[in-house]
Amino acid sequence: MLREVSDRAGMARSLLDLGRLASDEGDHSRAHALYAESLRISRQLGRKWDVARVLEEMARSAAGLAAWERALRLAGGAAALRQRIGAPPDPAEKAKLDACLDPARRELGGTAAATAWMRGWAMSPEESIEYGLENG
């Protein structure tokens, strides 16, 4: 329906929500495809806040796959983007993301986890988007 009325922002939000459902059900490849489409639309619309949200959900999904470094890099990129645009995350959403990233930090160890996070933090918003669009 949103496609029919050309509500691209609504499409991006709906795709993000569908990606969350797929990720919660363990279908991470489907989640990645949905997140990627949401990310592309959000980038085209210049909706940086939505880009950050998609990157965070991609990080949660990567953690669900035990792709620890990828999860931390995506989360670091999202955090840097949020700081650049002055849009802190909702505390409840941040707590959920942190809980998903805790195993990554434990598995990689302090230095490797911090390095992965900082690699994400150091990426430009466009680099973060391109990294997110890579196969997850």
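Excluded from the calculations below are hydrogen atoms, water molecules and symmetry mates; all remaining heavy atoms, backbone and side chain alike, are included. Note that the structure is a prediction, hence the values are computed from the model and not measured.
Residues Glu93 and Arg53 have side chains not in contact (no heavy-atom distance under 4.5 Å, counting atoms from C-beta outward). Counting heavy atoms from C-beta outward, His28 and Met58 have side chains that stay 4.5 Å or more apart. When side chains are defined from C-beta on, Asp50 does not count as touching Leu16, because their heavy atoms never get closer than 4.5 Å. Using a 4.5 Å heavy-atom threshold, the side chains of Arg84 and Pro125 count as touching. For the pair Arg43/Glu130, a side-chain contact is recorded, criterion being any heavy-atom separation below 4.5 Å from C-beta on.
In this structure, the side chain of Arg70 engages the main chain of Gly132 through a donor-acceptor pair within 3.5 Å. Here the side chain of His32 pairs no donor or acceptor atom with the backbone of Ser23 at under 3.5 angstrom. A donor-acceptor pair under 3.5 Å is absent between the side-chain atoms of Arg60 and the main chain of Asp24, judged by distance alone. Not a single donor-acceptor pair under 3.5 Å links the side chain of Arg73 to the backbone N or O of Ala116.
Cys100 and Ala63 make their closest contact through O-CB, 3.4 Å (heavy atoms, listed as atom of the first residue, atom of the second, distance). Here the shortest heavy-atom pairing between Leu74 and Ala62 reads CD1-CB, 4.5 Å. Closest non-hydrogen pair, Ser61 versus Tyr35, comes out as CB-CE1, 4.0 Å. The heavy-atom pair separating Gly77 from Ser128 by the smallest distance is CA-OG, 3.5 Å. Closest of all the heavy-atom pairs between Trp121 and Ala79 is CZ3-C, 3.5 Å. Val54 and Ser38 get closest at one heavy-atom pair: CG2-OG, 3.4 Å.
No single ILVMFWY cluster, assembled from side-chain heavy atoms under 4.5 Å apart, contains both Leu108 and Tyr131. A single hydrophobic cluster is seen to contain both Met118 and Trp68, as judged by linkage of ILVMFWY side chains at heavy-atom distances under 4.5 Å, directly or through other members.
The distance from atom CG of Leu15 to atom CZ of Arg40, rounded to the nearest 0.5 Å, is 10.5 Å. Note that CE of Met11 and CG of Leu18 are 11.5 Å apart. Values are rounded to the nearest 0.5 Å. Separating the OG atom in Ser42 from the CD1 atom in Ile129 is a distance of 8.5 Å, to the nearest 0.5 Å. Leu34 CG to Asp27 CG: the interatomic distance, rounded to the nearest 0.5 Å, is 8.5 Å. Distance check: Arg106 CZ to Leu101 CG gives 11.0 Å after rounding to the nearest 0.5 Å. Distance check: Leu55 CG to Arg82 CZ gives 9.5 Å after rounding to the nearest 0.5 Å.
The side chain to side chain contact (heavy atoms under 4.5 Å, CB included) test with Lys94 singles out one residue from Asp98, Asp90, Leu97, and that residue is Asp98.
Within a 6.0 Å sphere centred on CZ of Arg20, heavy atoms belonging to other residues, nucleotides or ligands number more than 12.
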